[in-house]
Amino acid sequence: MEPSYIFLTMAVTLLSMPATGFGQGTTRVGFYSKTCPRAESIVKSTVESHFRSNPAIAPGLLRMHFHDCFVNGCDGSVLIDGPNTERKAVQNSLLRGFDVIDEAKAKLEAACPGVVSCADILALAARDSVVLTKGINWKVPTGRRDGKVSLQSEAAKLPGFTDSIESQKQQFARFGLNTQDLVTLVGGHTIGTAACLVFNYRLNNFTNGGPDPTINPSFLPQLRSLCPQNGNNFRRVDLDTGSANKFDTSFFTNLKNGRGVLESDQKLWTDASTRTFVQQFLGEKGVRKLNFGKEFAKSMVKMSNIGVKTGSNSEIRRVCSAIN
C-alpha cells in the first residue's frame with residue numbers, strides 16, 4: 001500500500017468533471033477555493049476529532065456516502081431525517097456518522113453561510129475517513145448541490161448482501177460503473193464491521209442443513225462463536241478479519257482464503273468475472289497488477305459524481321437533516 005498522503009494525478013485534476021449516471025451537473029476540484037477556502041479543512045478536522053474517540057466512524061462515513069450515491073445520486077438525501085425518508089429504511093438502519101456531518105455543517109455555516117452542500121461534506125468526509133485508516137488520499141471534486149427528495153422506498157435500490165455478482169454488476173452499471181469499479185468499491189469493506197444478522201444465515205442450514213460451502217471450514221468456528229444461534233443479532237463483526245482498522249488489501253486475501261464475512265463479498269472470489277480483479281489487487285503471478293489504493297480513488301471519484309444535482313431540483317441545505 002502506498003503512503004496515505006499520495007495525491008492522485010488523474011482526470012480529477014481537470015478544472016471540471018462531468019457527472020456520470022443520470023446526473024446533469026458538474027463538479028470540480030477546488031470548487032470552494034474562493035467562496036469558502038477553509039471548507040475542506042473544517043470537514044477534515046471534524047472527522048479527525050470524532051475518529052480519535054471512535055475509529056468506527058471512518059467506515060461508517062464511507063458506507064454512508066455509498067448509500068447516498070446509489071439512491072438517486074450523491075445529493076445528501078440519505079441525511080434527511082423524518083418519516084418515510086431514506087434514513088428510515090431498513091437498509092440504512094445501521095448507518096453511523098450523522099452527528100459528524102451535522103457538526104461539520106454547523107461549523108461551515110458559521111464560517112460560510114449557505115455555501116457548502118451537505119452532499120459535498122459527505123463526499124469529503126468519506127475521503128478523509130480512508131486517509132485516517134492509512135489509505136490513499138485523493139482530490140475530491142466538489143460542487144454538488146443537495147437533493148430535495150428523500151423516500152424510504154427508494155433505498156430498495158441499494159445492493160444487498162445476498163446479491164449475485166450478475167445482479168451487483170447490473171446495479172453498478174446503471175450508474176456507469178463497470179466490473180472493476182464494483183470489485184474496487186466493495187474493497188472498501190477492508191475497514192468496518194457487519195452485524196451478525198446480515199450473515200449468520202450462512203453459518204447453519206444454508207444448504208442441506210450445513211453452512212455455506214464457500215466459507216473456509218477453519219474460519220467457521222470463529223464466526224459461530226461470534227454469532228451463535230439465538231445470539232445477539234446486532235453484534236458487530238469485522239469484515240476484514242485481522243485488519244479491520246487499516247485500509248489495505250488484506251480484505252481480498254481473506255476472500256481468496258474463504259474468509260469473506262458477507263455472502264456478496266465472498267462471491268467476488270467464487271465468480272470468475274470478478275476473481276481476476278481480486279487477483280490483480282493481490283499482485284498474483286500471471287495477471288497484471290493493479291494498485292488498490294489508486295484504483296479505489298479513481299472509482300470513488302466516478303461514484304461520487306453519480307446524479308449531481310443542479311437547478312430547481314436542488315438546494316444548499318442550512319441543516320443537513322432537513323430540507324430548507
Side-chain angles (χ1 to χ4, degrees), residues 5 7 12 15-17 19 23 25-54 57-69 73-82 85-87 95-132 137-150 300-301 303-324:
Y5 284 94
F7 281 89
V12 65
L15 287 178
S16 63
M17 186 169 190
T26 58
T27 59
R28 60 182 172 86
V29 172
F31 183 84
Y32 299 111
S33 60
K34 294 182 178 179
T35 56
C36 192
R38 295 179 54 233
E40 295 199 23
S41 63
I42 288 173
V43 175
K44 179 182 177 182
S45 63
T46 304
V47 175
E48 287 175 342
S49 175
H50 282 263
F51 180 80
R52 283 193 291 270
S53 59
N54 179 19
I57 210 65
L61 290 168
L62 182 59
R63 182 184 177 205
M64 189 188 297
H65 183 42
F66 180 93
H67 280 222
D68 184 40
C69 293
C74 309
D75 64 353
S77 56
V78 73
L79 302 168
I80 298 172
D81 201 5
T85 59
E86 292 172 37
R87 190 162 165 173
L95 290 182
R96 63 185 79 184
F98 294 104
D99 55 333
V100 182
I101 304 301
D102 289 341
E103 183 179 322
K105 179 61 171 173
K107 292 177 178 177
L108 286 164
E109 284 299 303
C112 319
V115 174
V116 183
S117 70
C118 299
D120 275 345
I121 295 171
L122 185 50
L124 291 167
R127 185 272 310 276
D128 296 337
S129 295
V130 171
V131 173
L132 285 168
N137 199 345
W138 69 93
K139 295 180 180 180
V140 177
T142 46
R144 298 164 192 80
R145 289 174 61 84
D146 297 321
K148 299 167 73 172
V149 176
S150 181
M300 283 292 287
V301 169
M303 185 192 78
S304 71
N305 274 309
I306 294 172
V308 173
K309 301 290 193 297
T310 58
S312 61
N313 69 335
S314 61
E315 63 183 1
I316 302 297
R317 273 182 240 137
R318 294 301 183 98
V319 177
C320 289
S321 62
I323 298 171
N324 289 347

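Below, all heavy atoms of this structure are taken into account, side chains as well, without hydrogens, waters or symmetry copies.
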Run the side-chain contact (heavy atoms from CB on, under 4.5 Å) check on Ile80 and Arg87 step by step: do they pass?
CA-CA 7 Å; Ile80 298 172; Arg87 190 162 165 173; over 6 Å; no
Please name all residues satisfying side-chain contact (heavy atoms from CB on, under 4.5 Å) with Ser45, sequence neighbours left out, ordered by chain then number.
none
Using the rule given for side-chain contact (heavy atoms from CB on, under 4.5 Å), can you reason through Phe51 versus Val100, listing the C-alpha separation, both sets of side-chain angles and the distance that settles it, and then say yes or no?
CA-CA 10 Å; Phe51 180 80; Val100 182; over 6 Å; no
Report the residue from Val131, Leu132, Asp128 that forms a side chain to side chain contact (heavy atoms under 4.5 Å, CB included) with Glu48.
Leu132
I need the minimum non-hydrogen distance between [X] and [Y], along with the two atoms involved.
| X | Y | result |
| --- | --- | --- |
| Ala125 | Val43 | N-CG1, 3.8 Å |
| Ser314 | Lys309 | CB-CB, 3.5 Å |
| Tyr32 | Ala39 | CB-CB, 4.1 Å |

Once salt bridge (charged side-chain N to carboxylate O under 4.0 Å, His left out) is applied, what residue pairs with a partner in residues 115-124 remain, sequence neighbours excluded?
Asp120-Arg144
So, do [X] and [Y] sit near enough that their side-chain heavy atoms are less than 4.5 Å apart?
| X | Y | value |
| --- | --- | --- |
| Val301 | Pro141 | yes |
| Asp75 | Asp68 | yes |
| Asn313 | Lys148 | no |

Using 0.5 Å steps for rounding, measure from the [atom1] atom of [X] to the [atom2] atom of [Y].
| X | Y | atom1 | atom2 | value |
| --- | --- | --- | --- | --- |
| Arg317 | Ser77 | CZ | OG | 7.0 Å |
| Leu79 | Ser150 | CG | OG | 8.5 Å |
| Asp102 | Asp81 | CG | CG | 9.0 Å |
| Asp146 | Ile121 | CG | CD1 | 8.0 Å |
| Ile42 | Lys105 | CD1 | NZ | 11.0 Å |
| Cys69 | Ile306 | SG | CD1 | 5.5 Å |

Mind checking what makes salt bridge (charged side-chain N to carboxylate O under 4.0 Å, His left out) contact with Asp99, not counting sequence neighbours?
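Here no residue qualifies.
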Any residue meeting salt bridge (charged side-chain N to carboxylate O under 4.0 Å, His left out) with Arg96, in chain and number order, not counting sequence neighbours:
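None.
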Looking at residues at least two apart in the chain, or sitting in another chain, which of them share a side-chain hydrogen bond (donor to acceptor under 3.5 Å, both in side chains) with Glu103?
His50, Lys107
Does the side-chain contact (heavy atoms from CB on, under 4.5 Å) test come out yes or no for Met300 and Arg127, once each step is laid out?
CA-CA 9 Å; Met300 283 292 287; Arg127 185 272 310 276; over 6 Å; no
With a 3.5 Å cut-off and sequence neighbours excluded, list the donor-acceptor pairs that the side chains of residues 58-67 form with protein atoms.
| residue | atom | partner | partner atom | Å |
| --- | --- | --- | --- | --- |
| Arg63 | NE | His67 | NE2 | 3.4 |
| His67 | ND1 | Asn92 | OD1 | 2.6 |

Are Leu124 and Val47 close enough, and set up right, to give a side-chain contact (heavy atoms from CB on, under 4.5 Å), and what steps lead you there?
CA-CA 10 Å; Leu124 291 167; Val47 175; over 6 Å; no
